[in-house]
Amino acid sequence: MTILVTGGAGYIGSHMVHMLADAGERVVVLDNLSTGFEWSMPKGVPLVIGETGDQSRVAALIAEHQVDAIIHFAASIVVPDSVRDPLGYYRNNTMNSRALLEVAVNSGVRQFIFSSTAAVYGNPEKSPVGEDATLAPMSPYGSSKLMTEVMLKDVGVAYGMKYVILRYFNVAGADPALRTGQSTLGATHLIKVAVEAALGMRAKLDIYGTDYNTPDGTCVRDYIHVMDLANAHMAALTHLRGGGDSATFNCGYGHGYSVLEVVEAVKRVSGRDFHVELGPRRPGDPAMIVADSARIRAQLGWTPRFDDLDLIVEHAFAWERQLANLRKDARAVGRHT
Ligand code: UDP
């Protein structure tokens, strides 16, 4: 039996595919390569280039590969973009997930793991935030993911499909073996932007807002290493295969760092200084969001291995350097990376 990974050529998806391949699982990837790269996947894993909303294509690949579980990563993920283009986000995240779920149900796929987000909580009343907190997204991105959570719950009731919803906090870092990492062009996520600045690939780093109600005035986030996140999916898969019930889990460590603390960590770990500019708030950003991750630790036995900001930054920095070399080599031979 085979696992279909949508978005498997993307940042988190490619780490997942490497981990599944390392574990000897059979995998097929569906990715439109809008932000992903075929080279980020392990050799030998089949890649279907296409849309998750293309129902006949997806039905055919599920039948051909005998898919019995889906891990659904493919999505648009940039909060401010979603504020500018909500309908695009509802199409790519919500409508395509609906189309995928329909095919999954009709094809008899029984297990589904969904990439959700801490953005479903909005600005939580309590920190750390637990899974049962009020869901009040502050951006179309968060709403687009919450709508899929709602669909999954209804689909579970109506058709008996079992699912695990994983609400990601702020994902960063890279495969310590440097087989893949965050490679998106024009990335906007803090640690990625900061390591690019440390490598001189950007003139400066802008800090979006210094007047938040947080200890140093900048936003606080719970940064989780991408390998620990991929491991959470492995644990979810084991749970579903063992007949476990559908469930929703936060994926974070339970402690947060401010934007200024992250910038300091990047300067310290990289040993490089870069220009930082204090600027206005960015729309759609909650002040503080930190995970209560007691549930996933207790119910799935998830134990993080990389709960260390400096290590996350070290891996992100090492990957960024490697990526710069890969791109230089590729340009030299006229290849696209
Ligand atoms: N941020 C920043 N400068 C940047 C990128 C991000 O100050 O160049 C801040 C952003 O406003 C937020 C935090 O860093 O408070 C994390 O943002 P990111 O985009 O990495 O993830 P998000 O929490 O929006 O999913």
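First listed ligand is number 1; within each ligand, the first listed atom is number 1.
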ask   = For atom 9 (C) of ligand 1, which protein heavy atom lies nearest, and how many Å away is it?
value = Val259 CG2, 3.8 Å
task = Go through ligand 1 atom by atom and flag the ones less than 4.0 Å from a non-hydrogen atom of Asp285.
result = 10 (C), 11 (O), 12 (C), 15 (O), 24 (O)
task = Report, as yes or no, whether the 6.0 Å neighbourhood of atom CG on Asn325 holds more than 12 heavy atoms from other residues, nucleotides or ligands.
result = yes
Which residue and heavy atom of the protein sit nearest atom 4 (C) of ligand 1, plus the separation = Tyr208 CE1, 3.4 Å
CZ (Arg272) with more than 12 external heavy atoms under 6.0 Å = yes
ask   = Does ligand 1 have a heavy atom under 4.0 Å from the side chain of Arg221, from its backbone, from both, or from neither?
value = side chain
query = Can an N or O of Val193 be found at a distance shorter than 3.5 Å from an N or O of ligand 1?
reply = no
query = ligand 1 versus Leu190, non-hydrogen atoms closer than 4.0 Å: side chain, backbone, both, neither?
reply = both
Heavy-atom nearest neighbour in the protein, as seen from atom 19 (O) of ligand 1, with distance rounded to 0.1 Å = Arg282 NH2, 3.1 Å
query = Below 3.5 angstrom, do we get any N/O pair linking Tyr223 and ligand 1?
reply = no
ask   = Near Asn170, which atoms of ligand 1 are under 4.0 Å from a heavy atom of that residue?
value = 16 (C), 21 (O), 22 (P), 23 (O), 25 (O)
key: Aromatic ring proximity Phe169/His255, centre distance under 6.0 Å   = no
ask   = Are there more than 12 heavy atoms of other residues, nucleotides or ligands under 6.0 Å from atom CZ of Arg305?
value = no
query = Which of the atoms in ligand 1, numbered in the order shown and given with their element, are less than 4.0 Å from a heavy-atom of Cys219?
reply = 15 (O)
request  = Starting at NE2 of His315, measure out to CD of Gln182 and round the result to the nearest 0.5 Å.
outcome  = 16.0 Å
ask   = If you draw the axis of the six-membered ring of Phe274, does the NZ or CZ of Arg202 fall within 45° of it and under 6.0 Å from the ring centre?
value = no
Atoms in ligand 1 with a heavy atom of Ile207 nearer than 4.0 Å = 7 (O)
request  = Determine the sole option in Asp308, Asp307, Asp228 for which the side-chain hydrogen bond (donor to acceptor under 3.5 Å, both in side chains) test with Tyr253 is passed.
outcome  = Asp228
remark   = ligand 1 to Asp206, heavy atom cutoff 4.0 Å, flagged ligand atoms 2 (C), 3 (N), 4 (C), 7 (O), 8 (O)
request  = Answer yes or no: does an N/O atom from His189 fall short of 3.5 Å to an N/O atom of ligand 1?
outcome  = no
key: Interatomic spacing from OG1 in Thr52 to CE in Met95 - rounded to 0.5 Å   = 11.0 Å
query = Side chain, backbone, both or neither: which part of Ile191 comes within less than 4.0 Å of ligand 1 when only heavy atoms are counted?
reply = neither
ask   = When the ring planes of Phe73 and Tyr168 are compared, do they come out parallel, tilted or perpendicular, using 30° and 60° as the limits?
value = tilted
key: ligand 1 atoms in contact with Thr188 (distance to a heavy atom under 4.0 Å)   = 5 (C), 19 (O)
task = Assess the side chains of Tyr11 and Thr184: does a donor N or O sit below 3.5 Å from an acceptor N or O?
result = no
